[in-house]
There are 2 protein chains.
Amino acid sequence: MSELTDRQKFILTLVVHEHIRSAAPVGSDLLVKNYQLDISSATVRNEMSALTELGYLRQPHTSAGRVPTEEGYRYFVSHLMRDTELPETTRRMISHQFHQTRNDADEWMRLAASVLARQSSVASLVTAPHPDKARLKHLELISTRGRQALMITVTIGGEIHQRIVTVNDPVTQEMLTITSQRLTGLFSGKGADEIQAWQAQLQGLDAEIAAWLVDEMIEADALGSGDIYLDGLKNVLAEPEFSGSEEARRALRLLEERPLLYDLLSNTKVSNGIGGVQVLIGGEGAWDEFRQWSMVLAPYGQPGLATGTLGVMGPIRMPYGRAISAVRFLAGILSEMVTESLEE
Amino acid sequence: MSELTDRQKFILTLVVHEHIRSAAPVGSDLLVKNYQLDISSATVRNEMSALTELGYLRQPHTSAGRVPTEEGYRYFVSHLMRDTELPETTRRMISHQFHQTRNDADEWMRLAASVLARQSSVASLVTAPHPDKARLKHLELISTRGRQALMITVTIGGEIHQRIVTVNDPVTQEMLTITSQRLTGLFSGKGADEIQAWQAQLQGLDAEIAAWLVDEMIEADALGSGDIYLDGLKNVLAEPEFSGSEEARRALRLLEERPLLYDLLSNTKVSNGIGGVQVLIGGEGAWDEFRQWSMVLAPYGQPGLATGTLGVMGPIRMPYGRAISAVRFLAGILSEMVTESLEE
DNA sequence: TTTAGCACTCAAACAAAGAGAGTGCTAAAA
DNA sequence: TTTTAGCACTCTCTTTGTTTGAGTGCTAAA
């Protein structure tokens, strides 16, 4: 596949750069002039013609300049783009910001989404870190009234779930305290399956609460508190490809329909991997909704303990260099934060 | 102000209806034809002319039909609109949906936003119920490692806050349990100020934790967990007035800049009140960002216990009838849910 | 292999011409 | 006095044709 000459690679790079900059088709003249090439526009035209033949460029219409195809972007990202890093000062600043927030996952996610959006100048999304299998750390029961109690479960990852439970007979706070202490002792470190296995051996209030607990843990496993943090949508809507209301609406659809996002994010297999960063261009053919979109995603966290995904999404014509470096850096930072805070 | 003749009122009503339906200026001919009026278009023209003089209608340009002014909408909403209710079956269905969710405020908010968006066909927003003053119900400390612990505070409204605290010396779970029980006993039902007053009399670990607790309670008071739930943005972007990317972007701005929303929502004084429902048309002159928007808001909850705000926002040309009835009904439902679940 | 030159193409910008929706005014009818 | 038919007028929107210019591909010379 990589039968491109050096000059073709160079020209492809220029076309991609220029198109990302200007959002318009790139012509041979313009390229020669803007980049002071010491070859003529006719030569550039010949090379462009070859690149078109190879499927890396296309013409919106006969007398227009060239635009990169999805394939062209893919080639650019995997072979031509020089692998940048965020500047030292920026990295310092961001790192500082993170260490200054209070120790709160919610804050981190928000901050990560915000920084990511600003650095990449497209839209960002961050999922909360989620353990592969929820394990109980602590159970707490608080009496509310009569037969109702507030059940709070803390998992080893640090996630907190709450739910109101109803038991068969009225209970006092003491009874609840005792039960919660006993169950915490029994089940600490255990997952839904193990709790369920034990459950049969319990009686009375303990058994009732344990049933609720199993229910809760199962729910926690099933993606549970998987909030998605979004930011920078305005960046994307400002891009010319979304100026038509049709595309703008479609963009919004993506964001309001969380299931679609989940589907996409959970499908984070490493294909185009660059240090864990995955680039999906034009929906990779599979995702029809995303034909106009690209995403740069990376997993973060501590495998086995808790992992999440973060990334950016924008038009195919996206500043991949900046996006990739921002995503990689923030995946690193968040991994660090999660690891630091969640180590037992 | 109300010197309109019956016929003028009738025509204003028709213009508003027709404009809301068609999004286009409304002409005299069209009105006569579409609504089978038994007066001539010339008469309608005369009346329209009068309404324009009075400031209730305006012409986008000389040879165009009429469009309601903000003043026209206001008159319509407060004098002409017949006060509808959601159909019985719909009310039943919604109510059923709420009672079927698990007892979880988060779910309710989400559901309320979703139902509101669907019923009104514009965008909806719901703030979580928030007590005027947070009062501690229960304090829980969970050891994580070394000098760190997870502090969980449950307030009387049922809100849960978590935060990681660091104390001066290493602690065990027992020490933490004892401290949390003692402090829960001491401060249950108390607010930030009362806890602060007592704090001086404590020593050692208790004092340290109490200091963190005060901090947390103060934060809880300050709007704290005030998430805003949004839904139905796609409805709004589908409207023709937001087809230009400029307006679409502005719409997005409103939604990403939560502070602006907070500002607006917390300013829910009752002016145009209809059974607690407040209608803000075209930003009411004051909010420049909202010149193209209208909002229908209502407070809900139990004053003294916990209150929140919910409502819809959309273009000025909004189906006020449906919006108002939906907002009123859902404010009722949510009040009920909150009251039922939070009574001590 | 590169490049100058040139004919050709096609979208976008512009201008002129109509069509159509709607108005306001006047004078007649009710 | 109020309503209405009639009509001239206004202004946007659409259509149609024209021009412009960026950009191409091809050919033939360097």
Side-chain angles (χ1 to χ4, degrees), chain A residues 3-12 14-19 21-69 72 240-241 243-244, chain B residues 3-12 14-19 21-69 72 240-241 243-244:
Chain A
E3 70 265 346
L4 295 192
T5 65
D6 279 356
R7 193 165 64 187
Q8 286 171 339
K9 290 181 185 172
F10 182 58
I11 286 177
L12 179 54
L14 289 188
V15 171
V16 170
H17 269 133
E18 183 61 21
H19 179 64
R21 210 185 56 75
S22 72
V26 180
S28 52
D29 271 6
L30 184 134
L31 222 48
V32 172
K33 216 177 286 173
N34 275 18
Y35 293 88
Q36 282 114 38
L37 304 189
D38 44 8
I39 51 179
S40 79
S41 67
T43 310
V44 175
R45 271 202 291 287
N46 287 334
E47 297 290 34
M48 279 177 159
S49 194
L51 286 166
T52 306
E53 197 67 29
L54 290 167
Y56 295 125
L57 296 179
R58 69 186 170 81
Q59 284 181 282
H61 56 86
T62 334
S63 70
R66 300 306 211 285
V67 164
T69 60
E241 32 268 88
S243 64
Chain B
E3 70 265 348
L4 295 192
T5 65
D6 279 355
R7 193 166 65 188
Q8 285 172 339
K9 289 181 187 174
F10 181 58
I11 287 178
L12 179 52
L14 289 187
V15 171
V16 170
H17 269 132
E18 183 59 21
H19 179 64
R21 209 184 57 75
S22 72
V26 179
S28 53
D29 271 7
L30 185 133
L31 221 48
V32 172
K33 216 177 287 172
N34 275 17
Y35 293 88
Q36 282 114 36
L37 303 190
D38 45 6
I39 50 178
S40 78
S41 66
T43 309
V44 175
R45 271 204 290 289
N46 286 335
E47 297 290 32
M48 279 176 158
S49 195
L51 286 166
T52 305
E53 197 68 28
L54 290 167
Y56 294 125
L57 295 178
R58 70 187 170 81
Q59 284 181 283
H61 57 85
T62 333
S63 70
R66 300 306 211 284
V67 163
T69 60
E241 31 267 270
S243 66

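If you're wondering where the values come from, they're calculated on a predicted model, not measured in any experiment. A note on names: the letters A, B, ... follow the listed sequences, proteins ahead of strands, and every chain is numbered from 1.
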- Query: Looking only at side-chain N and O atoms, does B:R58 come under 4.0 Å of OP1 or OP2 in C:dT23?
  - Reply: no
- Find the distance between CG (B:L31) and OG (B:S41) and round it off to the nearest 0.5 Å. 10.0 Å
- Query: Is any side-chain heavy atom of B:Y56 less than 4.5 Å from a side-chain heavy atom of B:L4?
  - Reply: yes
- Note on the structure: Against the side chain of B:R66, the closest entry in C:dT23, D:dT12, D:dA5 is C:dT23
- Query: Quick one: do the B:S28 and B:R45 side chains pair a donor with an acceptor below 3.5 Å?
  - Reply: yes
- Minimum heavy-atom distance between A:V15 and A:V26, given as atom pair plus value: O-CG2, 3.9 Å
- Message: Please check if the number of heavy atoms outside A:H19 that lie under 6.0 Å from its NE2 is greater than 12.
- Response: yes
- Presence of B:T43 side-chain N/O under 4.0 Å of D:dT4 phosphate oxygens OP1/OP2: yes
- Query: Considering only heavy atoms and no angle criterion, is a donor-acceptor pair shorter than 3.5 Å present between the side chain of B:S63 and the base of D:dT10?
  - Reply: yes
- Query: So what does the secondary structure string of DNA chain D come out as, 5' to 3', with Watson-Crick or wobble pairs under 3.5 angstrom, [ ] for crossing and | for pairs with another strand?
  - Reply: ||||||||||||||||||||||||||||||
- Query: Among residues 23-35 of chain A, which contact DNA chain D at a heavy-atom distance under 4.0 Å?
  - Reply: A:G27, A:S28
- Message: Strictly below 4.0 Å: does A:R7 bring a side-chain N or O up to OP1 or OP2 of C:dT2?
- Response: yes
- Message: Check the phosphate of D:dT24 against A:T62, side-chain N and O only, distance under 4.0 Å to OP1 or OP2. Yes or no?
- Response: no
- Message: With heavy-atom distances below 4.5 Å as the criterion, would you say the side chains of A:L14 and A:L37 are in contact?
- Response: yes
- Task: Tell me which nucleotide among C:dT3, D:dT4, D:dT24 gets nearest to the side chain of A:Q59.
- Result: D:dT24
- Task: Taking only the side-chain nitrogens and oxygens of A:R45, find out if one of them lies under 4.0 Å from OP1 or OP2 of C:dA4.
- Result: no
Which donor-acceptor pairs under 3.5 Å do the side chains of residues 47-55 of chain B make with protein atoms, sequence neighbours left out?
| unit_1 | atom_1 | unit_2 | atom_2 | d |
| --- | --- | --- | --- | --- |
| B:E47 | OE1 | B:Q8 | NE2 | 3.3 |
| B:E47 | OE2 | B:R7 | NE | 2.8 |
| B:E47 | OE2 | B:R7 | NH2 | 2.9 |
| B:T52 | OG1 | B:M48 | O | 2.7 |
| B:T52 | OG1 | B:R66 | NE | 2.8 |
| B:T52 | OG1 | B:R66 | NH2 | 3.3 |

- Message: With heavy-atom distances below 4.5 Å as the criterion, would you say the side chains of A:N34 and A:H17 are in contact?
- Response: no
